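Predicted, not measured: the structure shown is a model, and the values here were computed from it.
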Amino acid sequence: MIYFDNSATTRPYDEVVELIARLMLEEFGNSSSLHNLGIRAERILEDSREKLAQTIKAGPEEIIFTSGGTESINMALRGSAEILKRSGNHILTSPVEHSASLESLKDLERQGFEVEYLKVDKYGRVSLDHLKAKLRKDTILVNIMAVNNELGTIEPVIEASHIIKSNNKSTVFHVDAVQAYGKLPINTRDLLADYISFSAHKIHGPKGVGMLYMRKGNRLHPIIFGGGHEGKLRSGTMNIPSIAGFCLAAEKKIDRMKEDQKKSKIIREILIKELEKSPEINMHINSPKDGIENIINISFEKMRSETMLHFLEIEEIYVSSGSACHSKRNTTSHVLTEVGLPARFAQSAIRFSFGSFNTEEEAEKVAKAIKRVLQV
Ligand code: PLP
């Protein structure tokens, strides 16, 4: 099996699975319980919070655990808009965001907020000049992702954060860092965001767990009510084994980040070089050259994405025909449409994404398989 779909999700590290299994059996206490088992669970929770906060140079009090990227994003956008509506109505976003952001913003639009979309270039890179021009006195919220999940484009979020904050300190900035964490250094001292969303399953951690960074001094209206966990911001019994698994995966991934990205770059180069040896393939690279190393999006004009995906699947090669959430709907990806890719390229786009377990030999095998499928 060759798994080149790591931006959809990753195989957890063995040590992460072992830790989660052990904690589920031995440390099943509720971190809110007053007895010894509860106190032990709480210690694991707070230790994980401390370590995860350190990975982004944040304080433990700035970390809220959630069920993943989608919930973190919903919480940041909807939860802050509810508080900020007293100061204004205007929201700015890039149009190439994940649906977790776009759908949350559409819901805010239905509630009466004015949402404007920033201009992007042919790789989905947001225009900072347009951002400068669009910021208004009543702009309460700006939303830009750190790395695009379909093209691998690295967005200028640090520069954007400085522009936003020098224009108006009270404009809140949310960054979706789901595809950036563990691949790029993220540091809350350089990136002046108020909220940053993270997910465990993209970095060889478990599914169903993530975190939201909330800069000290900010306020959120909860979107989930109950027993008052996580400083009353996100109720629900804490998923201690998965949180500890998330923490271990993050530490491992960040520890090997440079090495993994270097390997991904070589895998990407081999894949392109091998494919380019047969010009009759007629391929078109949709990702920018300076994009994140572990994602490459290529169109094979001669075959629709779904057909290619299924042919490769027969050879036990797993790729994506866009972002995972699009692949089940028979529509063209909004990202590829937004960047102005002609329909024939958008409908034949394949995303290859690499992780810790991939090897250089796999790139050669995948290139050969594609040539077989295209009969060149
Ligand atoms: N944001 C981006 C950029 C993503 O790629 C994804 C997952 O595909 C998400 C958010 C959603 O994260 P989760 O699957 O943890 O809900």
Side-chain angles (χ1 to χ4, degrees), residues 1-21 68-69 149-152 178-179 182-183 199-209 242 245-246 248-250 252-253 256-257 259-275 277-278 281 283 285 287 292-300 303-328 333 348-376:
M1 193 243 276
I2 299 179
Y3 187 74
F4 272 3
D5 199 12
N6 288 275
S7 289
T9 195
T10 54
R11 185 184 116 195
Y13 293 125
D14 291 355
E15 298 89 322
V16 168
V17 176
E18 281 156 20
L19 175 69
I20 294 174
N149 48 306
E150 294 194 40
L151 295 170
V178 168
Q179 294 289 350
K183 284 117 196 180
S199 181
H201 74 101
K202 311 283 187 185
I203 54 162
H204 304 282
K207 291 170 190 45
V209 62
S242 289
F246 176 18
L248 180 60
K252 280 184 74 76
K253 186 73 182 114
R256 54 187 294 166
M257 179 163 74
E259 184 192 314
D260 268 7
Q261 290 308 101
K262 216 160 112 189
K263 189 178 68 179
S264 286
K265 192 170 178 215
I266 298 171
I267 293 175
R268 183 174 73 173
E269 278 165 8
I270 294 173
L271 184 64
I272 295 172
K273 213 169 77 201
E274 287 299 314
L275 290 169
K277 280 183 189 162
S278 310
I281 283 182
M283 68 173 193
I285 299 177
S287 300
I292 199 94
E293 296 86 348
N294 56 293
I295 296 178
I296 182 83
N297 190 308
I298 306 176
S299 294
F300 301 97
M303 191 172 275
R304 284 183 75 94
S305 318
E306 296 77 20
T307 317
M308 170 71 84
L309 189 142
H310 292 304
F311 271 123
L312 291 178
E313 187 185 24
I314 294 168
E315 305 211 19
E316 288 196 41
I317 295 169
Y318 299 104
V319 296
S320 170
S321 62
S323 72
C325 46
H326 278 290
S327 30
K328 291 231 168 86
S333 132
S348 62
I350 295 286
R351 178 188 68 184
F352 305 89
S353 50
F354 321 118
S356 297
F357 296 115
N358 291 122
T359 64
E360 294 163 26
E361 298 77 61
E362 288 178 327
E364 284 173 25
K365 285 188 187 157
V366 171
K368 282 201 185 106
I370 291 169
K371 289 185 199 182
R372 266 198 304 278
V373 170
L374 293 172
Q375 298 177 329
V376 295

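Once rounded to the nearest 0.5 Å, the distance linking CD1 of Ile296 with OG of Ser264 reads 11.5 Å. To the nearest 0.5 Å, the span separating CG on Asn6 from NZ on Lys183 amounts to 7.5 Å. Within the model, atoms CG of Leu271 and CD1 of Ile285 stand 8.5 Å from one another, a figure rounded to the nearest 0.5 Å. Atom-to-atom distance recorded for Leu309:CG and Ile314:CD1 is 10.5 Å, nearest 0.5 angstrom. Interatomic distance, Ile298 CD1 to Ile272 CD1, rounded to the nearest 0.5 Å: 5.5 Å. Between Ser305 atom OG and Phe300 atom CZ the span is 10.0 Å, to the nearest 0.5 Å.
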Item to check | Working for side chain to side chain donor-acceptor pair (under 3.5 Å), residues Glu150 and Asn297 | outcome: CA-CA 7 Å; Glu150 294 194 40; Asn297 190 308; 5.2 Å; no
Checklist entry - What's the verdict on side chain to side chain contact (heavy atoms under 4.5 Å, CB included) for Val319 and Asp5, showing C-alpha distance, side-chain angles and the deciding distance? => result CA-CA 5 Å; Val319 296; Asp5 199 12; 5.7 Å; no
Next on the checklist: Between Met303 and Val373, does the side chain to side chain contact (heavy atoms under 4.5 Å, CB included) criterion hold? Intermediate values first, please.
Outcome noted: CA-CA 9 Å; Met303 191 172 275; Val373 170; 3.6 Å; yes
Checklist entry - Checking side chain to side chain donor-acceptor pair (under 3.5 Å) for the pair Asn358/Asn294: CA distance, chi angles, key distance, verdict? => result CA-CA 10 Å; Asn358 291 122; Asn294 56 293; over 6 Å; no
Item to check | Evaluation steps, side chain to side chain contact (heavy atoms under 4.5 Å, CB included), between Ile2 and Tyr318 | outcome: CA-CA 6 Å; Ile2 299 179; Tyr318 299 104; over 6 Å; no
Checklist entry - Which is it for Arg351 and Phe4 under the side chain to side chain contact (heavy atoms under 4.5 Å, CB included) test, yes or no, and what are the steps along the way? => result CA-CA 8 Å; Arg351 178 188 68 184; Phe4 272 3; over 6 Å; no
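Checking side-chain atoms of Glu364 against main-chain N and O of Glu361 turns up no donor-acceptor pair under 3.5 Å. Under a 3.5 Å cut-off, the side chain of Arg268 and the backbone N or O of Phe354 do not form any donor-acceptor pair. Using modelled atom types, one side-chain atom of Ser287 and one backbone atom of Leu151 make a donor-acceptor pair closer than 3.5 Å. A distance-only check finds no donor-acceptor pair linking the side chain of Arg11 to the backbone of Gly355 [under 3.5 Å].
Considering every non-hydrogen atom in both Ala369 and Ile317, the closest pair reads CB-CD1, 3.5 Å. Across Asn149 and Ile295, no two heavy atoms sit closer than the pair O-CD1, 3.9 Å. The minimum heavy-atom distance linking Ser278 with Val376 is given by the pair CB-CG2, 4.2 Å. Across all non-hydrogen atoms, the minimal contact from Gly245 to Pro206 is C-CD, 3.9 Å. The two residues His204 and Val16 have their closest heavy-atom pair at O-CG2, 3.9 Å.
In summary, of the residues considered (Lys263, Gln261, Lys265), a side chain to side chain donor-acceptor pair (under 3.5 Å) with Glu293 occurs for Gln261 alone. When the options Lys368, Lys365, Lys371, Arg372 are evaluated for a salt bridge (Lys or Arg N to Asp or Glu O under 4.0 Å) with Glu315, the one that passes is Arg372.
Proximity of Ile203 to Thr10: side-chain heavy atoms (C-beta onward) are nowhere separated by under 4.5 Å. The side-chain heavy atoms of Glu18 and Tyr13, taken from C-beta on, include no pair separated by under 4.5 Å.
Judged purely by distance below 3.5 Å, without hydrogens or angles, the side chains of Ser356 and Asp260 pair a donor atom with an acceptor atom. In summary, the side chains of Ser7 and Lys202 do not present any donor paired with an acceptor at a separation below 3.5 Å, with no hydrogens or angles considered.
Between Phe357 and Tyr3, the gap from one ring centroid to the other reaches at least 6.0 Å. Between His201 and Phe246, the ring centre distance reaches or exceeds 6.0 Å.
Heavy atoms of other residues, nucleotides or ligands lying less than 6.0 angstrom from CZ of Phe311 number 12 at most.
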